[in-house]
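If you read the sequence from its start, that first residue is 1, and numbering goes on from there.
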Amino acid sequence: PQSTKTNSDTAFSAGTESTEKERSLAALLSEIDGVGEAEVRICEAEDQAKSVVVVCDGAKNILVNMNIREAVAAALGIDEKNVKIYLKSR
């Protein structure tokens, strides 16, 4: 996938193509009860994850939201505050 650099040297996946790491994390999250279908975008700087956006069916449920945040933080070694979770549109 193409990578785009911003002024802060943060790389993110351009377009709709996702990386293997993003697909793998999305598959993992989809296995968590209540998450449903998930899409993931990882923003990186110097080849390390800095923040993550998750779009999924179960984002409205607070317990699911907490579980996603914990799982992403643990899988990528980032702070939970850098995980943003949004409800998937129908």
Side-chain angles (χ1 to χ4, degrees):
Q2 281 186 333
S3 213
T4 305
K5 295 275 185 178
T6 64
N7 291 337
S8 64
D9 285 337
T10 300
F12 58 93
S13 185
T16 57
E17 287 188 46
S18 58
T19 66
E20 181 59 35
K21 188 187 292 187
E22 290 168 338
R23 287 189 296 272
S24 176
L25 185 54
L28 174 68
L29 294 176
S30 293
E31 293 296 318
I32 296 173
D33 186 42
V35 172
E37 187 178 332
E39 292 187 39
V40 174
R41 290 296 176 268
I42 301 171
C43 298
E44 298 180 328
E46 300 172 9
D47 294 327
Q48 290 188 345
K50 293 293 183 189
S51 62
V52 177
V53 175
V54 177
V55 179
C56 67
D57 296 322
K60 274 187 167 179
N61 182 307
I62 190 70
L63 180 58
V64 170
N65 205 295
M66 287 173 33
N67 288 339
I68 291 169
R69 211 172 290 285
E70 289 176 1
V72 171
L76 298 178
I78 64 172
D79 195 303
E80 288 183 28
K81 71 179 181 189
N82 295 326
V83 180
K84 305 301 179 197
I85 304 165
Y86 300 96
L87 183 62
K88 189 170 197 162
S89 67
R90 299 277 165 205

Exercise for review: Please round to the nearest 0.5 Å and tell me the distance separating atom CD of E39 and atom CD of E22.
Suggested key: 10.0 Å
Check your understanding: For E20, does its backbone N or O pair with a side-chain atom of S24 as donor and acceptor, under 3.5 Å?
Key -> no
Review point. Got a donor-acceptor contact below 3.5 angstrom from the K60 side chain to the D57 backbone?
Key: no
Practice item. Please write out which residues are connected to L63 in a hydrophobic cluster, directly or through intermediates, given that two of Ile, Leu, Val, Met, Phe, Trp, Tyr count as joined at side-chain heavy-atom separations below 4.5 angstrom. Key: none
Practice item. Report whether V64 and L28 are members of the same hydrophobic cluster (ILVMFWY, side-chain heavy atoms less than 4.5 Å apart, transitive linking). Key: yes
Revision key, fill the gap. Heavy-atom nearest pair, L25 first then A75, reads CD1-CB, 4.1 Å
Exercise for review: Check salt bridge (charged side-chain N to carboxylate O under 4.0 Å, His left out) between E37 and all other residues, then give those that pass, not counting sequence neighbours.
Suggested key: K88
Practice item. List the atom of A49, the atom of I42, and the distance in Å for their closest heavy-atom pair. Key: CB-CG2, 3.8 Å
Review point. Applying the 4.5 Å side-chain criterion to the ILVMFWY set and letting contacts propagate, would L29 and V53 be lumped into a single cluster?
Key: no
Exercise for review: Treating Ile, Leu, Val, Met, Phe, Trp and Tyr as nodes and any side-chain heavy-atom pair under 4.5 angstrom as an edge, say whether V54 and I32 lie in one connected cluster.
Suggested key: yes
Revision key, fill the gap. Exactly one of I78, I68, N82 clears side chain to side chain contact (heavy atoms under 4.5 Å, CB included) with V52, and that residue is I78
Review point. What distance separates K50 NZ from C43 SG, expressed to the nearest 0.5 Å?
Key: 11.5 Å
Exercise for review: Can you measure from CG (D79) to OG (S51) and round to the nearest 0.5 angstrom?
Suggested key: 11.5 Å
Exercise for review: Heavy atoms only: give me the nearest G36-S30 pair and the separation to one decimal.
Suggested key: O-OG, 3.2 Å
